[in-house]
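Structure first, commentary second.
Counting begins at 1 with the first residue of the sequence. As the structure is a computational prediction, the values presented were derived from the model and not from experiment.
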Amino acid sequence: MKINVKLTKKDADIVALKKFLPERKFNETVIKILNAALRGEVAQIPMEFEIVPVTENSPTKIDLSPELIEKLESKFGRGKFTTKVKALIRRCIRANLKELSTKRLSMARGRYLFDRTIEIAHKNEGLPDGSEKYQKMLK
């Protein structure tokens, strides 16, 4: 059974996990995480990635067996199923994530800030040089 999970700006950690994993491994990893949660454990999955801000929503489909869904609903309840799945994934990320070196973090963060500045500059094209918005953008 496929479950649609809408990953928003608040889910930057889950989006980073999805990008970190090889193609088509996200679903398999989520199943491992959920099975471990049913046993009351946190899955041990090596993770080494940086969480960067997300600018757009990312719809994702997770294919779970009906038996797994039934077990999850009986243990965690039926309401807000996708929110609980996200919380379990997030708990696993927090337990397993290794921080990247400071040099790599600053490079990635610098790249994000540069891209964001360019994006703002394109939106504000044609502003007078002395305007307050333009001066803030330059800073």
Side-chain angles (χ1 to χ4, degrees):
M1 179 177 201
K2 292 191 180 198
I3 297 172
N4 291 321
V5 179
K6 186 176 180 181
L7 300 175
T8 63
K9 294 176 184 180
K10 297 176 186 176
D11 303 318
D13 52 350
I14 299 173
V15 172
L17 171 65
K18 185 177 176 183
K19 289 180 180 179
F20 165 73
L21 294 170
E23 193 173 326
R24 301 183 190 257
K25 290 291 183 180
F26 181 70
N27 194 69
E28 182 181 317
T29 304
V30 169
I31 291 171
K32 286 180 186 177
I33 292 169
L34 297 177
N35 281 323
L38 285 172
R39 295 187 304 269
E41 303 170 357
V42 176
Q44 297 299 314
I45 302 169
M47 298 179 192
E48 189 173 333
F49 55 86
E50 181 187 3
I51 300 170
V52 293
V54 178
T55 57
E56 57 190 42
N57 295 343
S58 173
T60 302
K61 291 184 182 179
I62 301 173
D63 193 14
L64 303 175
S65 68
E67 296 84 27
L68 180 59
I69 292 173
E70 187 177 311
K71 289 177 186 177
L72 288 167
E73 287 179 342
S74 66
K75 181 163 183 163
F76 300 110
R78 291 185 179 268
K80 298 186 179 182
F81 185 76
T82 56
T83 305
K84 290 176 184 173
V85 169
K86 285 182 189 181
L88 293 171
I89 295 169
R90 195 167 278 121
R91 186 176 88 178
C92 181
I93 291 171
R94 284 191 202 114
N96 292 300
L97 185 63
K98 294 180 182 176
E99 293 294 327
L100 294 176
S101 69
T102 307
K103 186 175 182 181
R104 288 185 69 189
L105 281 173
S106 62
M107 293 281 295
R109 183 71 180 152
R111 176 65 186 185
Y112 168 75
L113 292 172
F114 176 76
D115 289 342
R116 183 72 179 130
T117 303
I118 297 299
E119 181 182 319
I120 292 169
H122 285 293
K123 285 182 183 177
N124 294 326
E125 270 185 29
L127 289 176
D129 290 341
S131 74
E132 188 178 327
K133 273 187 173 182
Y134 183 75
Q135 294 302 321
K136 284 182 181 179
M137 182 187 69
L138 290 176
K139 288 181 183 179

- Message: Applying salt bridge (Lys or Arg N to Asp or Glu O under 4.0 Å), can you list everything that pairs with D11, at least two apart in sequence or on another chain?
- Response: K86, R90

- How close do A43 and C92 get, heavy atom to heavy atom, and via which atoms? O-SG, 3.5 Å

- Note on the structure: Taking every heavy atom of T8 against every heavy atom of N57, the minimum-distance pair comes out as CA-OD1, 3.4 Å

- Take atom NZ in K84; do more than 12 heavy atoms of anything else shown fall under 6.0 Å from it? yes

- Distance-minimising heavy-atom pair for A95 and V42: CB-CG1, 3.6 Å

- Do N27 and V30 pass the side chain to side chain contact (heavy atoms under 4.5 Å, CB included) test, and can you show the C-alpha distance, the side-chain angles, and the key distance before you say yes or no? CA-CA 5 Å; N27 194 69; V30 169; 5.5 Å; no

- Which atoms form the tightest heavy-atom contact between N4 and T82, and what is the distance? O-CG2, 3.7 Å

- Query: What ring pair (Phe, Tyr, Trp, His ring centres under 6.0 Å) pairs are there with at least one residue in residues 10-42, not counting sequence neighbours?
  - Reply: F20-F49

- For the residue pair L64 and M1, establish whether any side-chain heavy-atom pair is separated by less than 4.5 Å. no

- Note on the structure: Applying salt bridge (Lys or Arg N to Asp or Glu O under 4.0 Å) to K6 and not counting sequence neighbours gives none

- Query: Excluding sequence neighbours, so at least two apart, what forms side-chain hydrogen bond (donor to acceptor under 3.5 Å, both in side chains) with T29?
  - Reply: none

- Item | Residues I62, K2; criterion side chain to side chain contact (heavy atoms under 4.5 Å, CB included); working and verdict | CA-CA 5 Å; I62 301 173; K2 292 191 180 198; over 6 Å; no

- Task: State, with a plain yes or no, whether a side-chain heavy atom of I89 is found less than 4.5 Å away from one of L34.
- Result: no

- Pairs satisfying salt bridge (Lys or Arg N to Asp or Glu O under 4.0 Å), at least one member in residues 29-40, at least two apart: E28-K32, R39-E41

- Message: Are the side chains of I69 and I3 in contact, using a 4.5 Å heavy-atom criterion?
- Response: yes

- Query: Is there a donor-acceptor contact under 3.5 Å from the side chain of N96 to the main chain of P46?
  - Reply: no

- Query: Does K9 reach the main-chain N or O of V54 with its side chain, forming a donor-acceptor pair under 3.5 Å?
  - Reply: no

- Query: Do K61 and V5 have side chains that get closer than 4.5 Å, going by heavy atoms?
  - Reply: no

- Task: Using a 4.5 Å cut-off on heavy atoms from C-beta on, say whether the side chain of I33 contacts that of V85.
- Result: no

- Atom CG of D13 and atom CD1 of I93: how far apart are they, to the nearest 0.5 Å? 4.5 Å

- With sequence neighbours left out, which residue pairs that include part of residues 56-80 fulfil the ring pair (Phe, Tyr, Trp, His ring centres under 6.0 Å) condition? none

